[in-house]
Amino acid sequence: MARLLVTGGAGFIGSNFVHHVIEHTNHDVIVLDKLTYAGNRASLADISEERLTFVQGDVADAGLVNELVTAVDAVVHYAAESHNDNSLHDPQPFLDTNLIGTYTLLEAVRKHGTRMHHISTDEVYGDLALDDPVRFSENTPYNPSSPYSSTKAGSDLLVRAWVRSFGVAATISNCSNNYGPYQHVEKFIPRQITNVLRGLRPRLYGEGRNVRDWIHADDHSSAVLAILENGRIGETYLIGADGEKDNKSVIETILTLMGQPADAYDHVSDRAGHDLRYAIDSTKLRNELNWRPVYQDFEQGLRATIEWYRNNEDWWSPAKDATEDFYAKVGQ
Ligand code: NAD
Ligand code: DAU
């Protein structure tokens, strides 16, 4: 039995990971989360306080982080500003949290010799052509496009430098696009589902040819746990579930599953610098750690996700108006 510090544990993937850990292990968890607009304490409401301690605070607060790191056996670092569209309009918080926050945590784990796992994204590799047979691997050169992905790339490089220069016991994972419960309504899939539930039309950026490689958040969690427990220190692992889909077909599937005509959506202006395609080769993770995704059927996972949003309007409704006001202002 161990005690884990999970930063960003009230966000989408962090809260899914905390649920996964509570369900599948005996570990106790301390969550450190600033509760920005993206964090929601309610995402952890059903977990007993015997297993979970919640601390509201900033991952860039060195005093607090230092104190929490002394109380745990390992740290899993999810806390980040995570939305590309926000980073195009106000990059500063991305620098503060993604770079300074990661640096602050690295200094604390360095001081106390604590194991750390850093959560990152496939977006650090830039994008691929639609017909490129090669997918991202651990050897793909970094080539980020947005303020968000460049700060995530910077945070990965900090982790690598702290491993090499200071012997910090860290691993890194870069995962593709997640879907599932507890995802903020600003993101593509929940935005379209909650639009339909509200009687609004879904919104597709540009022509919608862009491809994302979808993985269920619970499969991301099982992969992170496998790396935390058995990954080799200093190594990077790519996480993906062979789930490539273009945005247009995802919107059409959502509409169909929700009983609407498949073409009942609007095209809106495209994202600046919009990455065309992400695709992950997760051979290393599968071969070394024997990891496999459980959610192999995207349509089935999407149906369950739609049901979750249908049944949890209290969870998402408070954020919906502000999110749509933002998109209306920027023409999306
Ligand atoms: P999210 O925006 O839903 O959650 C981020 C969480 O971090 C929120 O709870 C927020 O309150 C917290 N946070 C933000 N700034 C903080 C700070 N300074 N101190 C403490 N807490 C802070 O994001 P997400 O989609 O759950 O992503 C989590 C992590 O996973 C990020 O590092 C992201 O880069 C990575 N990732 C996300 C995806 C995806 O598809 N969403 C895919 C791969 C990797
Ligand atoms: O690849 C991993 C990344 O996936 C993570 O690192 C990010 O944190 C996460 O937000 C996600 O980034 P994307 O930019 O791919 O996700 P988003 O949900 O914002 O958009 C997915 C695709 O859908 C993208 O091509 C833009 C498009 N889109 C998005 C929205 C919100 C639309 O067409 N319409 C929309 O309304």
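Sequential numbering from 1 along the given sequence is applied to the chain's residues. Everything numeric in this text was worked out from a predicted model, so none of it was measured. First listed ligand is number 1; within each ligand, the first listed atom is number 1.
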- Task: Please name the residue in the list Asp242, Thr140, Asp213 that meets the side chain to side chain donor-acceptor pair (under 3.5 Å) test with Arg135.
- Result: Asp242
- Query: Is the His19-Tyr182 ring centre distance short of 6.0 angstrom?
  - Reply: yes
- Task: Please check if any side-chain donor atom of Ser173 sits under 3.5 Å from a side-chain acceptor atom of His117, or the reverse.
- Result: yes
- Task: May I ask which of Ser82, Gly208, Ser87 has a heavy atom nearer to atom 9 (C) of ligand 2 than the others do?
- Result: Ser82
- Nearest non-hydrogen contact to atom 17 (P) of ligand 2 from the set Arg271, Arg212, Arg191 belongs to Arg271
- Item | Contact (N/O only, under 3.5 Å) between Gln192 and ligand 2 | yes
- Item | Residue Arg203 vicinity, atoms of ligand 2 by number, heavy atom under 4.0 Å | 32 (C), 33 (O), 34 (N), 35 (C), 36 (O)
- Message: Does either side chain, that of Ser146 or that of Ser149, offer a donor lying less than 3.5 Å from an acceptor on the other one?
- Response: yes
- Message: Let's go through Leu128 and Val134 carefully: what are the C-alpha distance in whole Å and the side-chain angles of both, what is the deciding distance for side-chain contact (heavy atoms from CB on, under 4.5 Å) to 0.1 Å, and is it a yes or a no?
- Response: CA-CA 8 Å; Leu128 299 162; Val134 176; 5.7 Å; no
- Task: Could you list which atoms of ligand 2 come closer than 4.0 Å to a heavy atom of Leu204?
- Result: 33 (O)
- Report, in ascending order of atom number, the atoms of ligand 2 lying under 4.0 Å from any heavy atom of Tyr148. 5 (C), 6 (O), 7 (C), 8 (O)
- Numbered atoms and elements of ligand 2 in range of Asp122, under 4.0 angstrom, heavy atoms: 1 (O), 2 (C)
- Could you tell me whether some N/O pair between Lys34 and ligand 1 is separated by less than 3.5 angstrom? yes
- Do Asn177 and ligand 2 have an N or O pair less than 3.5 Å apart? yes
